[in-house]
A.B. asks: 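Sharing a structure below in structure tokens format, with a few things to ask.
Atoms within each ligand, like the ligands themselves, are counted from 1 in listed order. Every heavy atom of this structure was used, including side-chain atoms; hydrogens, water molecules and symmetry mates were not.
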Amino acid sequence: MTPMKFKFFVQSALALSVLFSQPACTPSDLSKENMIPLPVSIVSAGGSFNLTDQTNIFVQGESAEMKQIGQYLADKLNPSTGLTIKVKTTTDTPAPGNIFLSISGKDTELGDEGYQLTISDKSVHLEANKPAGLFHGIQTIRQILPAKVEMKTAQKGPWKLDNGVIRDFPEYGYRGSMLDVARHFFGIDDVKNFIEQLAYYKMNVLHLHLSDDQGWRIEIKSWPNLTAHGGKTEVGGGEGGYYTQEQYKEIVKYAQDRYITIIPEIDMPGHTNAALASVAMLNCDGKPKELYTGTEVGFSTLCTSKETTYQFIDDVIRELAAITPGEYLHIGGDESHATKIEDYIPFMNRVQDMVVAHGKKVLAWDEIALATVKPNTVVQYWAKAENAIKGVAQGAKVLMSPAKNAYLDMQYDSTSTYGLHWAAYIEVDKGYNWDPANLVPEIKKENIVGIEAPLWSETVGARQEAEYLIFPRLLGYAEIGWTPAKLRSWPAYRVRLANHGERMKAMNINFYPSKMVRWETNDVK
Ligand code: IFG
């Protein structure tokens, strides 16, 4: 063997030994991480920051809110890493090896919910204009770490964060989901669990559908029979349930701590059988209806001609507004097939004024546009584009919840265990492949406040059943609400989604393993 050949042989052998001696880890490249929603900009720098038993989280300043945000991250990292990361306060940059959360307030492009995450060998610096931005940045930190970081028990490291800079901020200000707790009741723990999941995907609104034909789910102290009687059952005849006002306030606080706003809905004048069964005077004939456990719609109406109906509604709105810090109350207005249109219109106009009188803005399903859409009322487009277009013509903004694209209770396909298909079958790709800003030509981006994916619960009554419908499609709606349309594409998204299978598994989410995705869920790495 010539000297040259011998040298080449030695060099190749050395290279191979280095290559195979490393743990099977891909070279660190921040842009290859599977973040959902996809950040606006990612610049990789190579190399990585390692969480060690010397790592702590430093927050700038002494505010309770900053410490709480820091503690939220520490509580997510410590169980799975086995580290004892502490939260400390500082007025200037911490020593190398630590995570630093700071509020700069000067980076206008980031807005109130955006953040900049700078990762180097020596430090992780998360900065934002507002605490909400830091909270969203924390979700990104979680998603850059291995999926096993979401496990509840200590896992083997290393715990690397790829070096680079992420600048990120949302496309829409309203990024939400809705939980129908009226058809089937979901207890406070299920609601909190869902709020945690929404937060992980940077969503910021949870709309609670609190009343319908089958159940009234929120305590109203001036009309106790609404829950005493109207909360007694649900679809299929189960035991139903309701939230006391204390529990509702607990849900609101839990959401607020995760920068999520609760929007309560009292549906009216239709979808009111539970109220009509509980308060006799709400019926025109003064006779209470029977409780209803079926799944028909459009058969009920409040008596719109009685003055006492409006006194009742004012009591409900007053009590709900008093325990709802968010700016919106949702008054429903959908499928009022048992209400004459000449009665529906003045009813909806009067109720909008009552909501405003109690200091809140109105959100309502798109039929509200058949009435007068008052200033600041938001029209939730679900079924009829022409209604939403009428709303735009009256100067209203639109919340995009098109049933054919965004209804989480739609079956994936005809074999789905749960769900309905009156609007469409919505497989994971169809749920992702649309852009709210050009779905309906007459509804422009500037008319749209954001996106909401509702889960109606006629066919699901337990957390795992609901999760089968909600996940993985919710991740796509989160990305549609956050990531600019020009950065979104199904082929690229489905790869990132495939890698979220192990994250959802680590978070004990019972997601539907759609055949549209090559899931990487053999084990949680
Ligand atoms: N439409 C009804 C819901 C629910 C839904 C199920 C709206 C606004 C069908 N109204 O969607 O109450 O029954 O997919």
A.B. asks: Show which side-chain atoms of residues 272-285 pair as donor or acceptor with protein atoms under 3.5 Å away, not counting sequence neighbours.
C.D. replies:
unit_1 : atom_1 : unit_2 : atom_2 : d
Thr272 : OG1    : Pro269 : O      : 2.8
Asn273 : ND2    : Glu290 : O      : 2.9
Ser278 : OG     : Gly230 : N      : 3.1
Ser278 : OG     : Ala274 : O      : 2.6
Asn283 : OD1    : Lys289 : NZ     : 2.7
Asn283 : ND2    : Leu276 : O      : 2.9
Asn283 : ND2    : Ala280 : O      : 3.1
Asn283 : ND2    : Lys287 : O      : 3.2
Asp285 : OD1    : Lys287 : N      : 2.8

A.B. asks: Might you list the protein residues in contact with ligand 1, defined as having a heavy atom under 4.0 Å from one of its atoms, sorted by chain and number?
C.D. replies: Arg183, His271, Val297, Asp334, Glu335, Trp365, Trp382, Tyr407, Asp409, Met410, Leu420, Trp422, Trp456, Glu458
A.B. asks: I'd like to check the salt bridge (Lys or Arg N to Asp or Glu O under 4.0 Å) partners of Glu250; sequence neighbours left out, ordered by chain and number.
C.D. replies: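 Counting only residues at least two positions away or on another chain, Glu250 forms a salt bridge (Lys or Arg N to Asp or Glu O under 4.0 Å) with Lys192.
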A.B. asks: Tell me, do Phe194 and Leu474 make a side-chain contact under 4.5 Å, heavy atoms counted?
C.D. replies: yes
A.B. asks: Ring centroid separation for Phe299 and Tyr292, is it under 6.0 angstrom?
C.D. replies: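 Yes; Tyr292 has its ring centre under 6.0 Å from that of Phe299.
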A.B. asks: Under 3.5 Å, which donor-acceptor pairs link side chains of residues 401-409 to any protein atom two or more places apart or in another chain?
C.D. replies:
unit_1 : atom_1 : unit_2 : atom_2 : d
Ser401 : OG     : Gln380 : NE2    : 2.9
Ser401 : OG     : Glu452 : O      : 2.8

A.B. asks: Just checking Trp365 against His207, ring centres under 6.0 Å apart?
C.D. replies: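 Ring-ring flag for Trp365/His207: true, centres closer than 6.0 Å.
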